[in-house]
Amino acid sequence: MTLRVYNTMSGKKEEFQSLVPGKVGMYVCGVTVYDYCHIGHARANIVFDIVYRYLQYRNYDVTYVRNYTDVDDKIIARANERGITSQELSEEFIRAFDEDMAALGLRKPTHEPKATEHIAQIITLVEKLIDKGLAYESAGDVYYIVDKFPSYLKLSKRNMEEMQAGARITPGEQKRNPMDFALWKAAKPGEPSWASPWGAGRPGWHIECSAMSSTLLGTTFDIHGGGRDLIFPHHENEIAQSEGASGKLFVKYWLHNGFVNVNQEKMSKSLGNFFTIRDILKSYDPEIVRFFILTAHYRSPIDFSDQNLEESRIGLSRFYEALAQLDKVLAKADTNAEQGGLSDALAEPIERLVQLEERFRSAMDDDFNTALAIGHMFDAVRALNRILAEENNLNGQLQAILGKGRDDLLRLGDVLGLFGSEPAAWLARSAQEGLADAGLSEADIETLIVERRDARANRDFARADQIRDELLAKGVLLLDSPEGTTWKMK
RNA sequence: GGCCCCGUCGCCAAGUGGUAAGGCAGAGGUCUGCAAAAUCUCCAUCACCAGUUCGAAUCUGGUCGGGGCCUCCA
């Protein structure tokens with residue numbers, strides 16, 4: 001089986017073949033650290049976290065680089081507003097970013113470079129572009145001459161003439177051609193700056209990614225990722241810079257994730273309709289957010305709403321319910337049970353479990369189809385539940401099947417960053433949520449459970465049902481089992 | 001205006017030529033004192049029209065509807 005990935009450059013799914021067998025170099029554009037991250041950032045980072053994890057699962061030795069853009073107009077503007085330095089501001093939001101990503105359960109990239117730590121490489125790269133006649137200095141700024149790069153716009157598949165018609169030179173820029181973009185910007189008073197052959201200044205936005213990727217991954221590497229909105233101009237400009245300087249292919253596979261929409265409209269800072277990760281995590285478990293994002297294909301748009309997150313919560317709890325049940329049943333199973341045979345009725349679910357990993361791989365191999373992969377895992381849950389219904393005559397063979405099924409589910413779940421919590425604990429946490437809203441304490445519920453238990457013991461079902469109904473009215477569901485009564489929020 | 005994407009069951013969502021995964025919701029059965037969970041059964045011909053093909057949700061053309069990029073943006 002081969003991995004196929006959709007390459008924005010070709011517009012097709014292509015067979016993935018890394019430059020060096022067994023190794024993958026991957027660069028993903030990180031965030032500009034001037035504010036808290038929103039759910040759109042969460043999606044992009046989770047998507048590439050999955051790419052990272054899946055490649056590792058496929059036994060690739062992956063070098064994953066994700067940068068921090070810590071020098072930029074917006075950072076400067078925001079720092080000025082708050083009366084702190086750009087560095088103070090960016091450090092604050094780098095910390096916030098790290099916290100958010102950790103909360104969402106992302107694996108740490110191999111390298112997380114900062115633009116300001118690569119000024120020397122940036123300057124070297126700009127000099128090289130000037131030497132090659134691809135860039136010019138103008139009043140302390142340096143611009144890239146897009147006309148000199150023939151394949152400019154090959155990624156976004158645009159047309160230079162039409163682009164030029166709409167392009168503008170913003171006041172203060174010293175461009176010869178409106179399409180030229182800044183590699184280096186002369187420092188204005190009060191801005192952070194570094195010495196350069198063109199005077200004090202700072203890097204333009206695009207050049208840092210070219211400099212950092214070549215430093216950490218080499219001139220040519222396998223995968224470059226980012227949100228769709230980065231295709232133009234950011235990635236187009238990276239190509240012009242990197243290929244212009246090296247004369248070699250920059251990136252083999254370009255991967256771009258789709259947007260998060262709100263009410264069918266793109267969510268973005270400029271539209272002001274965004275939700276920050278930290279706000280969302282006040283109401284939803286991080287794993288629910290991850291699950292929600294992975295239930296759609298990474299290139300499709302997804303609509304962010306409470307209803308959709310709520311559905312994800314219910315879907316995820318189906319997995320945890322099954323895992324918890326599995327733990328319980330296996331813990332008390334008679335380990336001395338004889339091997340025994342398998343009834344025909346269980347042939348289908350057992351077959352499902354046997355096929356799980358292969359189906360999972362086949363889904364993920366098809367351009368990281370997490371939605372399909374999760375569908376297969378739901379199938380496995382149903383199969384496990386069906387076998388679990390044989391709880392009372394679990395022979396040794398069935399125990400082994402259940403054990404392996406659980407291990408597979410957890411192992412494959414981990415590739416998606418899911419099911420990492422202890423099932424009983426996750427369910428307990430889930431039960432706690434909403435308790436305050438219902439105006440109840442755990443102790444109140446326990447008291448009523450005891451009262452109801454006594455009523456049931458006396459076969460006073462009227463009183464028992466009254467307690468059940470009263471709690472249900474407040475959103476608390478009582479669950480009876482041979483081991484006693486527990487509860488959860490509806 | 002230019003370029004591009006999308007329109008699949010009440011909702012979410014897979015599926016790029018071979019006869020519609022999965023989840024939620026809903027109906028009925030089993031289990032349960034009653035419930036819940038679980039399980040079983042049922043529940044879509046793919047916006048519309050016209051083509052290509054033995055065969056199309058999947059290809060082509062058109063219509064309608066939604067969205068994105070072209071300026072900072074994951």
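So that the names make sense, note that chain A is the first sequence line, chain B the second, and so on, each numbered from 1.
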Would you please indicate yes or no on a ring centroid separation below 6.0 angstrom for A:Y64 and A:Y27?
no
Judged by atom type as modelled, is there a donor-acceptor pair below 3.5 Å linking the side chain of A:T295 to the main-chain atoms of A:A371?
no
Going by the angle between their ring planes, with limits at 30° and 60°, are A:F221 and A:F250 parallel, tilted or perpendicular?
perpendicular
Using Watson-Crick geometry (N1-N3 plus N6-O4 or O6-N4) or G-U wobble (N1-O2, O6-N3), each under 3.5 Å, B:G17 is paired with none
Do you know which of A:H234, A:H256, A:H235 makes ring-ring contact (aromatic ring centres under 6.0 Å, His included) with A:H224?
A:H235
Please name the nucleotide paired to B:A38 by Watson-Crick or G-U wobble geometry with both distances under 3.5 Å, or report none.
B:U30
Are side-chain N/O atoms of A:E92 and A:Y34 paired as donor and acceptor at under 3.5 Å?
no
Given B:C70, B:A74, B:A21, identify the nucleotide with an atom nearest to the side chain of A:L372.
B:A21
Which is true for A:N385 with a 4.0 Å heavy-atom rule: it touches a base, it touches only sugar-phosphate, or it touches nothing?
sugar-phosphate
Side-chain donor/acceptor of A:R202 to backbone N/O of A:W184, under 3.5 Å:
no
Look through every strand shown and name the nucleotide pairing with B:G1 as Watson-Crick or G-U wobble, where both distances are under 3.5 Å.
B:C70
5' priority, RNA chain B, between A:G227 and A:R359 [closest heavy atom]:
A:R359
Below 30° counts as parallel, above 60° as perpendicular, anything between as tilted: where do the rings of A:F378 and A:F319 land?
tilted
Is A:G40 touching bases, backbone alone, or none of the nucleic acid, heavy atoms closer than 4.0 Å?
base
Listing time: all N or O pairs from protein to nucleotides 28-30 of chain B that are below 3.5 Å?
none

Could you run down the sub-3.5 Å N/O contacts of the protein with nucleotides 31-35 of chain B?
residue, atom, partner, partner atom, Å
B:G33, N7, A:R456, NH2, 3.3
B:G33, O6, A:R452, NH2, 3.0
B:G33, O6, A:R456, NE, 3.2
B:G33, N1, A:D465, OD1, 2.8
B:G33, N2, A:D465, OD1, 2.9
B:G33, N2, A:D465, OD2, 2.4
B:C34, O2, A:D465, OD1, 3.4
B:C34, O2, A:R468, NE, 3.1
B:C34, N3, A:R468, NH2, 2.6
B:C34, N4, A:R468, NH2, 3.3
B:C34, N4, A:D480, OD2, 2.6
B:A35, N6, A:D480, O, 3.3
B:A35, N1, A:D480, N, 2.9
B:A35, N3, A:R468, NH1, 3.3
B:A35, N3, A:R468, NH2, 3.3

Please work out which residues in residues 313-329 of chain A have a non-hydrogen atom less than 4.0 Å from an atom of RNA chain B and list them by number.
A:I314, A:R318
We want to know whether A:D279 and A:Y36 form a side-chain donor-acceptor pair, criterion being a heavy-atom distance below 3.5 angstrom.
no
Considering every strand shown, what is the Watson-Crick or G-U wobble mate of B:U45 when both distances are under 3.5 Å?
none
Got a list of protein N/O to nucleotides 10-13 of chain B N/O distances below 3.5 Å?
residue, atom, partner, partner atom, Å
B:C11, O2', A:Q307, NE2, 3.2
B:C11, O2, A:E311, OE2, 3.4

Reckon A:G258 touches a base, only the sugar-phosphate, or nothing at all at heavy-atom distances under 4.0 Å?
base
Find the partner of B:U60: check Watson-Crick (N1-N3 plus N6-O4 or O6-N4) and G-U wobble (N1-O2, O6-N3) distances, both under 3.5 Å, and reply none if neither fits.
B:A50
Re B:A25: Watson-Crick or G-U wobble partner, both distances kept under 3.5 Å, found to be none
Taking only the side-chain nitrogens and oxygens of A:K157, find out if one of them lies under 4.0 Å from OP1 or OP2 of B:C69.
no
For residues A:D72 and A:T32, is any side-chain donor paired with an opposing acceptor at under 3.5 Å?
no
Taking atom types as modelled, is there a side-chain donor on A:E208 or A:N67 under 3.5 Å from an acceptor on the other?
yes
For residues A:S156 and A:E236, is any side-chain donor paired with an opposing acceptor at under 3.5 Å?
yes
Please report whether the ring centroid of A:F181 lies less than 6.0 Å from that of A:Y143.
no
Could you check how far CG of A:D229 sits from C1' of B:G67, rounded to whole Å?
14 Å
Between A:V260 and A:K13, who's closer to the 5' end of RNA chain B by nearest nucleotide?
A:K13
Which letter, B, S or -, goes with each nucleotide of nucleotides 40-46 of chain B from 5' to 3', with contact meaning a protein heavy atom under 4.0 Å?
S------
Let's see if you can work this out: which of B:A74, B:G68, B:C70 has an atom nearest to the side-chain heavy atoms of A:E265?
B:G68
Keeping the roles fixed (side chain from A:S362, backbone from A:E358), state whether a donor-acceptor pair exists under 3.5 Å.
no
Can you tell me if A:Y284 and A:D306 form a side-chain donor-acceptor pair at under 3.5 Å?
yes
Using a heavy-atom distance cut-off of less than 4.0 Å, which residues of residues 68-80 of chain A contact RNA chain B?
A:K74
Quiz question: by atom type and distance under 3.5 Å, do the side chains of A:N308 and A:D303 form a donor-acceptor pair?
no
Can you see if the side chain of A:N45 gets near the phosphate of B:A74 - specifically, an N or O under 4.0 Å from OP1 or OP2?
no
